[in-house]
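Following: one structure in structure tokens, then a few remarks.
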Amino acid sequence: MASISLTFPDGNAREYDAGITAAAVAESISKSLAKKAISATVNGEHWDLQWPINENATIALHTIQDDVQANELVRHDLAHIMARAVQEIWPDTKVTIGPVIKNGWYYDFDRKESFTPEDLITIEKKMKEIINKRDAVRTEVWERDVAIKYYEDRGEPYKVELIEGIPGDEPLRMYWHGEWQDLCRGPHLQHTGQVPGDGFKLMSIAGAYWRGDSDREMLQRIYGVAFTGKEKLKAHLNMLEEAAKRDHRKLGREMDLFHMQEEAPGQVFWHPNGWRIYTELQDYMRRRQRAGGYVEVNTPQVVNRQLWEKSGHWESYQENMFIVEVDEDHAREKTVNALKPMNCPCHVQVFNRGMKSYRDLPLRMAEFGSCNRYEPSGALHGIMRVRGFTQDDGHIFCTEEQIETETKIFIEFLSEIYAELGFTNWAIKLSTRPEKRIGSDAIWDQLETSLGNACKAAGYEYDIQVGEGAFYGPKLEFVLTDAIGRDWQCGTLQVDSNMPERLDASYVGQDGNKHQPFMLHRATLGSFERFIGILIEEHAGKLPFWLAPRQVVVASIISDADDYVHEVVAALNASGVRAEADVRNEKINYKVREHSVGKVPVILAVGAREVEERTVTLRRLGEKQTSVQALDDVKAALAVESTPPDLR
RNA sequence: GCUGUAGUAGCUCAGUGGUAGAGCGCGUCAUUGGUAAUGACGAGGUCGGGAGUUCAAUCCUCCCCUACAGCACCA
């Protein structure tokens, strides 16, 4: 038998017979390692201990201490163990797929009856039994037709379909956890007892379409979270609990920012406090856009369907548009209109007025455009996904040569704004050509490259989302995350030559001929609604001072201080600070608590001493200590603090 | 839109086949208190909407609406 050389992380190499398993390698080192080992990394690949190694390689053996590999295996084995538990309890259940995801795993089942929350407890119990059995994990590679026959005989049609989708030259790996079997790429643990029995929890049941296709079967998905130990699980559950406190829907109520109600699903009733944030942010964006060379426009809300037919939206999005018709009795002629679901066709109408020259390009046109889309009911989510929203929309009309530069300028524009609004973690995703698309591959190549280059030129990395682009062009998505880690696309930039063509946009080039401009659809915040939702969650309600709806509360300690309280409030208001008086007949403890819960960043307490000395006692949100300061000093300092970052 | 869960006072929630309860909040009064809840009293609900079963429905059944979690969607 040929021998191979395996190199260990410490640089030492040892000779073994070819075809040796990593398990045997562990055994050759020590009995205890053989027992503790969970997997190996062979030539950089995560390797099952049972897989043979046939050539010279680097090798590292893993134990439960190696978090990355251990989490992967524990979660993956739990997926199998859960599927086994479910099939042992309800044998008529059909299995599908069960991948590892962030913090855990899920498994999709096909079963007539619905799983109930109580079932989760039953399943969890069964899983723990399986773990305690310490059943061996075994793996084999099978021939396709044998595997297909096997699953057909066992009445597992989804597995058959999965195998049929696997390329013919790829080996089919079968795994057994005890007697229970699943088709799986691996790797896995050595036996079920290697899964920490107290490190996981089943979280929820939800529907999910087979293969992510809404035309196919709706399966039942069970989600679980898992870690390598009890403490880590506890920490994770704790984190979720804390994150729930930052939910913008909860903070929106506590801070009295907005509400929503049944009569207007997916639309926001902004309260005075919330509208303060909104208008402050809009003022800021307006100044930013002016400085960024944009001209601001405003376009109609209700637009005749003819324009939407011409732009192509009627055909693609009719079901998602709010249709507006005038009552027949009152209308001279019956017209069908739609509330605008987007601003671009209107912006092209503005662009099209008068002749445009190449000297006018790039033309950066912006609008705080209110749009309405009839989003599917299940998509609605607080103020983050709504049916009525206002985009900080903009369209850059430019030549093909200008695309890359304009994109780079936009990324820099956006990144400065995100930084000023307190975001440090955000990502760029580049969505490339989808299957259904217009335009030649050569043009797609070029546009995708331009967007990628622009990112790099601006100094940012990006992830590629293959096939996720719009049918008319590639796009960049600027993604922020909410309190519990869900991704939300906020900013965007999309290249489009389709709309200018459909709506006859043109400019006169240097050569005196008509040319068609490109259009870059772009938004920085995306929509005020979504962005404010994210902003609230990011800051846990403790917004930067200049954005805080209520910046200062001046609270009296005794009623003899009331006059001075009003004087302080007037002085602060005069210097541009949003201050209000609290002279209610309540104790200072009560006032401090109430305004802290309301996330007011600064509380100024005023009693006999302060009146006497013309000072205030300042307390900042979240801090315990207070400081006595001269009124004039506080006034000056807070005036600076309340100035938006672009005006400082 | 799909699967599942839920909807009782402004908020958080308890409860029952015989038309409802707590805490907080709100109002009144007392209290002038120094940094996260002062006390007493009081007001407040067609139990999400509609239909059905029943002598009787907030509770059981059906339909609808809305919200939440996930899936699908996101011009």
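Side-chain atoms are counted along with the backbone in the values below, which use heavy atoms only and exclude waters and symmetry mates.
- Residue-level contact check: Arg111(A) touches neither bases nor backbone, having no heavy atom under 4.0 Å from any strand.
- The nearest heavy atom of RNA chain B to Gln489(A) and to Ala208(A) marks one nucleotide each, and the one closer to the 5' end goes with Ala208(A).
- The CE atom of Met218(A) sits 4 Å away from the C1' atom of C2(B) (whole-angstrom rounding).
- For the pair Arg75(A) and Phe227(A), the cation sits on the ring face: its NZ or CZ lies under 6.0 Å from the ring centre, inside 45° of the axis.
- A salt bridge links Glu477(A) to Lys475(A): at least one charged side-chain nitrogen sits closer than 4.0 Å to a carboxylate oxygen.
- Residue Lys587(A) contributes atom NZ, which lies 11 Å from atom P of U35(B) at whole-angstrom precision.
- Between Arg486(A) atom CZ and A69(B) atom C1' the separation is 8 Å, expressed in whole Å.
- Atom CH2 in Trp488(A) sits roughly 10 Å away from atom C1' in C74(B) (whole-Å rounding).
- Along RNA chain B, the nucleotide nearest to Phe115(A) and the one nearest to His381(A) differ in position, and the one closer to the 5' end is contacted by Phe115(A).
- Lys340(A) has no side-chain polar atom (N or O) that falls below the 4.0 Å cut-off from OP1 or OP2 of A75(B).
- Look at CD on Glu262(A): it is 11 Å from P on G48(B), rounded to the nearest Å.
- Interface remark: the Tyr209(A) side chain does form a donor-acceptor pair with the G1(B) base, using a distance-only criterion of under 3.5 Å.
- Put simply, the side chain of Arg211(A) and the base of C71(B) share no donor and acceptor less than 3.5 Å apart.
- In RNA chain B, the stems built from three or more successive Watson-Crick or G-U pairs (distances below 3.5 Å) are B:1-7 with B:65-71, B:10-13 with B:21-24, B:26-30 with B:38-42, B:48-52 with B:60-64.
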